[in-house]
Amino acid sequence: MNLSSKIIHRIKELWEQKIFRYALILHSFYLILSIILFFAFYQEKNDFIIFYNVGNIFINDIENLYNQTYYLWDFRYFPLSAVFFIPFSILNFQVAYVFFNICNLILNFLICIILFKIIMLIRNEDHEKDDKKVILYISIYLMGLPHVLNYVYGQINLYITFFILLSLYIFLKYDEFKWQLIGSIFLGISIIIKPTAFFLIPFLIIFNFDFEKKKLRFDFFKSAIRIIGVIIPVLLNFILFLLYPALWEGFLDTNFTGSNPIALNFSYSITKLITNFCYFYNIPFNQIFVLFGVIGIVGGLGFIVFIINRLEKDSIIFGYSFGILIMLLAYFDSWDHHLLNLTPILIIIIFNTPRQSKITSSIKLSLSFFSFFDLAFVGIWYLIYPLFPYNFVPTIFLILTFYGISKYCLLKQPNNNKEM
């Protein structure tokens with residue numbers, strides 16, 4: 001059977017599974033709905049306007065890349081991220097939006113393929129041997145409501161998810177130094193486009209302390225290759241910062257020191273809940289102190305747990321989960337569509353952990369909430385924010401997820417042969 005015949009046969013097998021068929025139909029509806037809403041209501045009010053404009057500004061007036069008068073909302077990513085949007089900027093705006101979302105749709109199918117391959121690599125031995133349950137959870141990912149906002153807004157989260165999962169697959173599949181470098185470069189590319197995975201960088205270090213054996217393990221060369229690979233793409237931005245100092249000032253002001261980070265909004269991060277509280281009650285505060293305080297506490301706890309983990313193998317999966325959770329809990333703006341970076345990792349953890357473990361039940365609950373209920377609390381926030389401006393329910397689920405993963409990492413494992 002040739003490759004094309006195998007692909008057709010596999011598609012037919014998947015289509016026969018009712019849940020996957022429903023997921024494809026519903027996901028297609030999300031895409032069509034987003035295009036209808038765009039032409040009916042959102043042509044002048046969505047995130048894609050920003051990405052569309054930055055491509056032109058990068059080519060024609062790069063020093064004004066962070067001049068926010070050019071945008072409906074702030075552009076806050078690394079300057080090289082604008083390069084990814086140049087192909088869309090040369091098109092008519094309406095055509096570019098449709099083409100961009102078609103690219104998002106294709107990316108989602110690629111994400112599902114990589115997610116499937118990762119699960120096949122790391123699936124715990126007590127899970128079913130067929131792939132029906134795997135298809136069920138991939139279908140849950142496709143049906144998740146965060147896709148609606150990602151399509152409607154013309155957001156770029158799927159590019160981040162694709163590169164994050166691709167790097168994770170490479171780390172899990174190949175142990176050679178060249179593949180470790182390639183995997184980390186892909187992760188660095190994701191950070192260029194959008195720095196969601198920035199706090200994941202420390203978790204690439206292979207460093208573990210076994211308290212029972214009083215033994216320290218530190219793989220310097222593999223850790224160094226990973227760190228070098230991930231920072232190479234990021235450091236390329238600093239060439240632009242050196243050539244155009246105004247870019248550096250604009251980048252800092254937009255992300256940390258300006259007025260945007262303290263604006264009242266429905267972000268569910270701990271940092272935003274604190275700044276919303278201070279803003280609402282006119283309590284003086286410094287957003288930088290709040291941000292770094294939360295990063296220090298949440299990030300510090302996550303890294304300590306990761307260093308002393310008792311995982312038997314595949315600890316890099318939990319490092320990825322910690323990195324993304326820290327970003328969602330700590331950065332000023334964490335939105336519903338950012339959960340598309342987290343939910344595939346949660347699905348991987350579900351299959352990597354024993355079926356009957358408490359963390360599996362906990363992660364399933366969080367996955368269900370993030371996929372189908374979180375969006376409702378955005379609507380509730382808009383109804384009540386003049387009196388109560390705190391979108392705290394998603395925060396609770398993120399903290400519970402963080403706690404559950406931490407607890408599992410510290411459990412006694414069958415053996416102590418850790419692989420990262």
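Not measured: the values here are computed from a predicted model.
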Run the side-chain donor-acceptor check on residues 107-125: report pairs under 3.5 Å with partners two or more places apart or on a different chain.
{"from": "N108", "atom 1": "OD1", "to": "Y141", "atom 2": "OH", "distance (Å)": "2.6"}
{"from": "N108", "atom 1": "ND2", "to": "H27", "atom 2": "NE2", "distance (Å)": "3.1"}
{"from": "N108", "atom 1": "ND2", "to": "H147", "atom 2": "ND1", "distance (Å)": "3.4"}
{"from": "N108", "atom 1": "ND2", "to": "Y151", "atom 2": "OH", "distance (Å)": "3.3"}
{"from": "R123", "atom 1": "NH1", "to": "E128", "atom 2": "O", "distance (Å)": "3.0"}
{"from": "R123", "atom 1": "NH1", "to": "D130", "atom 2": "O", "distance (Å)": "2.8"}
{"from": "R123", "atom 1": "NH2", "to": "K129", "atom 2": "O", "distance (Å)": "3.2"}
{"from": "N124", "atom 1": "OD1", "to": "D126", "atom 2": "N", "distance (Å)": "3.3"}
{"from": "N124", "atom 1": "ND2", "to": "N352", "atom 2": "O", "distance (Å)": "3.3"}

TODO: Give a yes or no on whether the ring-centroid distance for F277 and F280 is below 6.0 angstrom.
DONE: no
Task: Backbone N/O of Y331 and side chain of S269: donor-acceptor pair under 3.5 Å - done: yes
Task: Distance-only side-chain donor-acceptor flag, N104 / N101, under 3.5 Å - done: yes
Task: Modelled atom types, side-chain donor and acceptor of S357 and T360, under 3.5 Å - done: yes
- [ ] Measure centre to centre between the rings of F397 and F402, then say whether the value is under 6.0 Å.
- [x] no
Task: Option among F84, F251, Y66 that satisfies the ring-ring contact (aromatic ring centres under 6.0 Å, His included) test with F78 - done: F251
Open item on the list: Would you call the rings of F48 and Y52 parallel, tilted or perpendicular, taking 30° and 60° as the class edges?
Closed with: tilted
TODO: Measure up the F99 and F88 rings against each other and bin them: parallel (under 30°), tilted (30 to 60°), perpendicular (over 60°).
DONE: tilted
Task: H338 vs Y268 side-chain heavy atoms within contact, under 4.5 Å - done: yes
Open item on the list: Donor-acceptor check, side chain of Q180 to backbone of Y174, threshold 3.5 angstrom: yes or no?
Closed with: yes
TODO: Run the ring-centre check on F388 versus Y390 and record whether the distance is less than 6.0 Å.
DONE: yes
Task: Side-chain (S223) to main-chain (D219) donor-acceptor, under 3.5 angstrom - done: yes
Task: W335 ring center within less than 6.0 Å of Y153 ring center - done: no
Open item on the list: Using ring centroids (six-membered ring only for Trp), state whether Y408 and F318 fall under 6.0 Å.
Closed with: yes
Task: Whether over 12 other heavy atoms sit under 6.0 Å from F41 CZ - done: no
Open item on the list: We want to know whether Q155 and N150 form a side-chain donor-acceptor pair, criterion being a heavy-atom distance below 3.5 angstrom.
Closed with: no
Open item on the list: Would you say the rings of Y382 and F377 are close, in the sense that their centroids are separated by under 6.0 Å?
Closed with: no
Task: More than 12 heavy atoms of other groups within 6.0 Å of Y42 OH - done: no
Task: Aromatic plane relationship, F203 with F303 - under 30° parallel, 30 to 60° tilted, over 60° perpendicular - done: perpendicular
Task: Ring centre gap for F351 and Y137 strictly below 6.0 Å - done: yes
Open item on the list: If we count only N and O atoms by modelled type, under 3.5 Å, do the side chains of N341 and T161 hold a donor and an acceptor together?
Closed with: yes
- [ ] Indicate the ring-plane relationship of F373 and F369, choosing parallel, tilted or perpendicular according to the 30° and 60° boundaries.
- [x] parallel
Task: pair F58-L240: side-chain heavy atoms closer than 4.5 Å - done: yes
